[in-house]
Amino acid sequence: MAKSPQRSIKSRASLAGHPLHPVMIHFPVAALMALVASDLAFWYTSDPFWMRTGLWLAGVGAFGGWIASVAGIIDLVTVKRIRRLITGWSHAIVAVVMLSLASFNWLLRLNDPSAIMPWGLTVSLITGGLIALAGWLGGQLVYEHAVGVDVDD
């Protein structure tokens, strides 16, 4: 049975009609996923280059993620139809947990670079899993609920 067509849910945090949150998440997601690879490279090689790279990737991922989350929070709290979606709240909660872990991971590395093994790698792997879950939930918001997508004719 085909779904009935639905109306778009417009983003309030947008520029020229383009939602900002999906645009802003690419670099933080890429940085935090590359952090997993960087930590694995450090584990395999013990080369301090990967330790320094991981510090930067953790910082870019955490800070960039918090900046991108502002646009998502604006939509969550100002758009009634998004606030009513369990998927929207689930996405937000998973993202906050993930960004909290990413921030902790950056602080861990900043204070003690040798903490990459085993804690930094462990937190990076958990964060990567949470990124996948948050991404799936975000995809549900776009493809199932038409958040930020112009489907109106």
Side-chain angles (χ1 to χ4, degrees), residues 1-43 50 52-110 116 118-153:
M1 182 181 331
K3 282 183 146 182
S4 61
Q6 58 185 338
R7 292 185 10 231
S8 300
I9 300 176
K10 302 284 185 204
S11 169
R12 293 250 168 95
S14 61
L15 185 61
H18 299 283
L20 292 175
H21 180 67
V23 171
M24 297 169 72
I25 61 168
H26 292 94
F27 282 110
V29 166
L32 292 172
M33 295 308 288
L35 178 58
V36 174
S38 175
D39 286 353
L40 290 170
F42 178 74
W43 178 50
W50 296 113
R52 290 189 310 275
T53 301
L55 174 65
W56 281 96
L57 288 170
V60 167
F63 286 109
W66 285 114
I67 292 167
S69 73
V70 170
I73 290 168
I74 289 170
D75 284 341
L76 182 65
V77 300
T78 65
V79 181
K80 190 177 198 176
R81 290 177 60 206
I82 296 175
R83 270 197 323 270
R84 291 182 175 173
L85 297 172
I86 292 172
T87 307
W89 287 102
S90 299
H91 175 72
I93 290 165
V94 170
V96 166
V97 172
M98 180 266 303
L99 287 172
S100 297
L101 283 174
S103 300
F104 169 70
N105 204 354
W106 176 73
L107 287 171
L108 187 70
R109 293 158 191 273
L110 188 63
I116 293 174
W119 300 112
L121 176 59
T122 302
V123 174
S124 295
L125 291 169
I126 294 168
T127 300
L130 290 172
I131 288 169
L133 179 57
W136 180 76
L137 290 166
Q140 292 292 101
L141 289 169
V142 171
Y143 296 110
E144 296 291 322
H145 302 287
V147 172
V149 178
D150 189 8
V151 294
D152 299 326
D153 289 325

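Here the CD1-CH2 distance, from Ile82 to Trp89, works out to 11.0 Å after rounding to the nearest 0.5 Å. Atom CG of Leu130 and atom OG of Ser100 lie 10.0 Å apart (nearest 0.5 Å). Note: His91 NE2 to Leu76 CG = 9.0 Å, rounded to the nearest 0.5 Å. Rounded to the nearest 0.5 angstrom, Thr87 OG1 and His145 NE2 are separated by 3.5 Å. Between the CG atom in Leu125 and the CG atom in Leu40 there is a gap of 6.0 Å [rounded to 0.5 Å]. Between Ile73 atom CD1 and Thr78 atom OG1 the span is 11.0 Å, to the nearest 0.5 Å.
Of all heavy-atom pairs between Ala71 and His21, the closest is CB-N, 3.7 Å. Contact detail for Leu141 and Gly88: the closest heavy-atom pair is CD2-N, 3.6 Å. In terms of heavy-atom proximity, Ser69 sits nearest to Leu99 at CB-CD1, 4.1 Å.
Trp136 is linked by a side-chain contact (heavy atoms from CB on, under 4.5 Å) to Leu133, Gln140, counting only residues two or more places apart in sequence or in another chain. Applying the side chain to side chain donor-acceptor pair (under 3.5 Å) criterion to Asp39, with sequence neighbours excluded, gives Arg109, Ser124. Ala95 is linked by a side-chain contact (heavy atoms from CB on, under 4.5 Å) to nothing, counting only residues two or more places apart in sequence or in another chain.
For residues 65-78, no pair satisfies salt bridge (charged side-chain N to carboxylate O under 4.0 Å, His left out), with sequence neighbours left out.
Within a 6.0 Å radius of CZ in Arg83, more than 12 heavy atoms belonging to other residues, nucleotides or ligands are found.
With a 4.5 Å cut-off on side-chain heavy atoms, Val79 and Val147 do not count as touching. In this structure, the side chains of Leu20 and Ile74 stay at 4.5 Å or more apart for every pair of heavy atoms.
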Distance-only donor-acceptor pairs under 3.5 Å for side chains of residues 54-67, two or more places apart:
unit_1, atom_1, unit_2, atom_2, d
Trp66, NE1, Ser103, OG, 2.8

For residues 26-35, tabulate all N or O donor-acceptor pairs below 3.5 Å that involve a side-chain atom, not counting sequence neighbours.
unit_1, atom_1, unit_2, atom_2, d
His26, ND1, Pro22, O, 3.1
His26, ND1, Val23, O, 3.3

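For the pair Ser8 (side chain) and Val149 (backbone), a donor-acceptor distance under 3.5 Å is present.
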